[in-house]
Number of protein chains: 2
Amino acid sequence: MKIAVLKAKKDPRVGATPETVKKLAALGAEVSIETGAGEAAGFSDAAYQEMGASTGEAESVLSGADIVVVSSPPGKSKLASMGRGAKLIGLLDPWEEQERLADYAGAGVDAFAMELLPRITRAQSMDVLSSQANLAGYKAVVDAAHEYGRAFPMMMTAAGTVAPAKVFVMGAGVAGLQAIATAKRLGAVVSATDVRAAAGEQVESLGGTFIFVKEAMEEGEGKGGYAKELTPEQQQAQKDLVAEHLKKMDIVITTALIPGRPAPKLLTTEMVTSMRPGGVVVDLAAPRGGNVEGGDGEEAFTLGATKVLAPKNILAGLPGEASNLYARNLLNFITLITDKEEKQVAVDWEDEIVRGIALTRDGQIVHEQFGGSPPIQ
Amino acid sequence: MKIAVLKAKKDPRVGATPETVKKLAALGAEVSIETGAGEAAGFSDAAYQEMGASTGEAESVLSGADIVVVSSPPGKSKLASMGRGAKLIGLLDPWEEQERLADYAGAGVDAFAMELLPRITRAQSMDVLSSQANLAGYKAVVDAAHEYGRAFPMMMTAAGTVAPAKVFVMGAGVAGLQAIATAKRLGAVVSATDVRAAAGEQVESLGGTFIFVKEAMEEGEGKGGYAKELTPEQQQAQKDLVAEHLKKMDIVITTALIPGRPAPKLLTTEMVTSMRPGGVVVDLAAPRGGNVEGGDGEEAFTLGATKVLAPKNILAGLPGEASNLYARNLLNFITLITDKEEKQVAVDWEDEIVRGIALTRDGQIVHEQFGGSPPIQ
């Protein structure tokens, strides 16, 4: 069983680290790394070689590979070097890169998009979106603190007290919760909101204040931890509450994503410019069009006296850690599709996880969300 | 009494904020701000005007000014616009900019260099070096976290645990202690060293580990909280201890400065390259030549697999907060040299603080450190 690890053109993350190479070898795999694949993430070719991997140019690395690991969709020439039946695994961005599915099918490559992983307990250790969102939430706060012209913590000095920064996190999912925790660590006064009333408890357990219309909170939760749909009046009250709250904020982190759809616009230009002068917004939804209006896809822009950071790939700034977790997620998935005894690939196409993320199989698009029909077994 | 506030060419800090303008007005001063002086720090001309200040070009602002406030040494044309007897107050960098002292004397300007402030209790509220060092220590850690490719805190994820970053702070003065506190807040494992054994207690009270040769610690302290001089054997043992410790470090912050002398070299290239790959060093002594060897005055460079940040003015990245504290420090000094009843400048040249920082008076260089003889009263 041969596993090829490719270098991405733009993304500094890599799908295997020296740590996971060692473990892949223990599965019986021969691992071959494209020259320089880990360099931007801080892993030298030598470090991989020490763990038993070979390194070389893409073509030789791909030759005869049973599994191909990537951090972003591979280019056409690399795809052409993959053999029929090769398993391509990684962040394949199936929504934005939907036209590539036909290419994978045409090449006879079985492609697995890690962002489609079902959110079930057994899949948690492979959950790339969670592991990367967690780091993105941390990095958003670090970047905001770096950009911000004042300090986060309260400081008592002989010349007087420095007031702490006021940080507001919009969306209390994995990224949002880590942003709350990090901003709190740094000494800021933190608040957050979410469409789910149930998120309030988590926000408060991290020391944040939950900004949510009271009446809607009191009416309790709907099915599965989700809030009941807000009435139109409650929706308006929530909007007004947030708009009023924003006027007192120094830092805002937005994290609202809807799988497979453009990011919802949470902040109008008017709302951003109403913030305290010198503030910073970090828009973690930028790769999906952004939660902030204006900016025309720029990665940094200014609205009034507020700087907006809208990074297309915030984890490019945290490549070592992002690769560490990403590679471990992939290792866990590869373990699932490997027969340890026989030391070869053995995909169980009936497995819920496999069915959840398989885009193509045997020259066909098989994922329902992308026009495929799941194969009959 | 007229106070002029000048815009610096390169330094985004400003010597008065809308907050201190209000208080200066309460002292009876008419405050005049050079157009755009606070802009880079987040204070608009309009914000100053609201507090009663006027704004205008340098020449009109300086015309008839009794006090001139700067964040860095003024250029020759601005100096020429100051009237004889004007009090020039600010960070005048007397060691690096020593040749300017003759210019100040020639212009008949009485210049006060805030970095020369005696470290006495009464002067604490004016202590520019402390207030700026405090912020520099905070900013050093924020910049290190921004640059570092991994995360500071330990993170428990479904894909495994992310180990915390190991941070080492060299020099436990004001900047070093704030760096320790900030790195600790962010979740790093923090250690520190200092030439003073007495610093160990402060380091430990902030949750850091003190790296110091044990025998020297046990021999106790010398006069005034300073350690007894280390014996040559102890010095060598301390060097070896630090060199060994560095090999395990991800982040190093150096803060060693000696007033009026070039910064001591603490880190050789060999020591930096011995750190863990992907590490970051922040050299806070860069404005005085740096604690790190190599780099040739560059503000960012790489030694082996370690990035070194050596900012010439790290507080240019924290201009709002730095100005807030700087302006308050200056306000406190201006209060000292003002007669509140008469609403005019009234310098007590006998005052220990005044004597400590006065560079020139009545056309003469008067500071002993710079070849002057203090005037006989």
Side-chain angles (χ1 to χ4, degrees), chain A residues 12 19 40-44 47 121 123-128 130-131 134-135 138-139 141-143 145-153 155 157-160 162-163 174 178 181-182 184-187 276-279 305 316-332, chain B residues 12 19 40-44 47 121 123-128 130-131 134-135 138-139 141-143 145-153 155 157-160 162-163 165 174 178 181-182 184-187 276-279 305 317-332:
Chain A
E19 176 200 332
F43 308 112
S44 66
T121 307
Q124 274 182 8
S125 69
M126 310 166 196
D127 192 344
V128 168
S130 284
S131 75
N134 188 22
L135 293 176
Y138 164 78
K139 183 68 173 156
V141 172
V142 167
D143 288 357
H146 177 74
E147 195 63 39
Y148 186 48
R150 297 192 292 272
F152 265 47
M155 292 184 184
T157 80
V162 170
V174 175
Q178 183 60 256
T182 306
K184 196 77 199 167
R185 274 175 183 286
L186 258 181
R276 290 179 60 190
L318 207 63
E321 208 74 275
S323 299
N324 273 332
L325 294 183
Y326 182 59
R328 288 189 201 168
N329 293 141
L330 294 188
L331 167 69
N332 291 327
Chain B
E19 176 199 332
F43 307 112
S44 65
T121 307
Q124 274 182 7
S125 69
M126 312 167 196
D127 192 345
V128 167
S130 284
S131 76
N134 188 24
L135 293 175
Y138 164 79
K139 183 67 172 156
V141 172
V142 167
D143 288 356
H146 177 75
E147 195 63 39
Y148 187 49
R150 297 192 294 272
F152 265 47
M155 290 184 184
T157 80
V162 170
V174 175
Q178 182 61 256
T182 306
K184 196 76 198 169
R185 275 176 182 283
L186 258 181
R276 291 179 59 189
L318 208 63
E321 210 72 275
S323 300
N324 274 332
L325 294 184
Y326 182 58
R328 288 188 202 169
N329 292 142
L330 294 188
L331 166 69
N332 290 327

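Throughout, protein chains are lettered first and strands after them, A, B, ... in sequence-line order, and every chain is numbered starting at 1. All heavy atoms count here, side chains included; hydrogens, waters and symmetry mates do not.
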Side chain / backbone / both / neither for [X] at chain A, heavy atoms under 4.5 Å:
X	value
B:M126	neither
B:Y326	neither
B:A145	both
B:N324	side chain

Go through B:Q178 and A:M155 one step at a time and tell me if the side-chain contact (heavy atoms from CB on, under 4.5 Å) criterion holds. CA-CA 10 Å; B:Q178 182 61 256; A:M155 292 184 184; 4.0 Å; yes
What residue in [options] has the most heavy-atom pairs under 4.5 Å with chain B?
options	result
A:E147, A:H146, A:R328	A:H146
A:S125, A:S131, A:G278, A:A151	A:A151
A:A158, A:A322, A:G149	A:G149
A:A159, A:G320, A:G42	A:A159

Measuring only between side-chain heavy atoms, which start at C-beta, is B:F152 closer than 4.5 Å to B:V141? yes
Should A:V162 and B:L325 count as side-chain neighbours, where that means a heavy-atom distance under 4.5 Å? yes
Of B:N329, B:L318, B:V142, the largest count of non-hydrogen pairs under 4.5 angstrom with chain A goes to B:L318
Can you tell me how far apart OG1 (A:T182) and CG (A:N134) are? Round to the nearest 0.5 Å. 8.0 Å
Working to the nearest 0.5 angstrom, can you tell me the gap between A:L135 CG and B:R150 CZ?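 One gets 12.5 Å once the value is rounded to the nearest 0.5 Å.
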How close do A:P12 and A:A41 get, heavy atom to heavy atom, and via which atoms? O-CB, 3.6 Å
Heavy-atom pair with the smallest gap, counting every atom of A:G317 and A:P319: C-CD, 3.3 Å
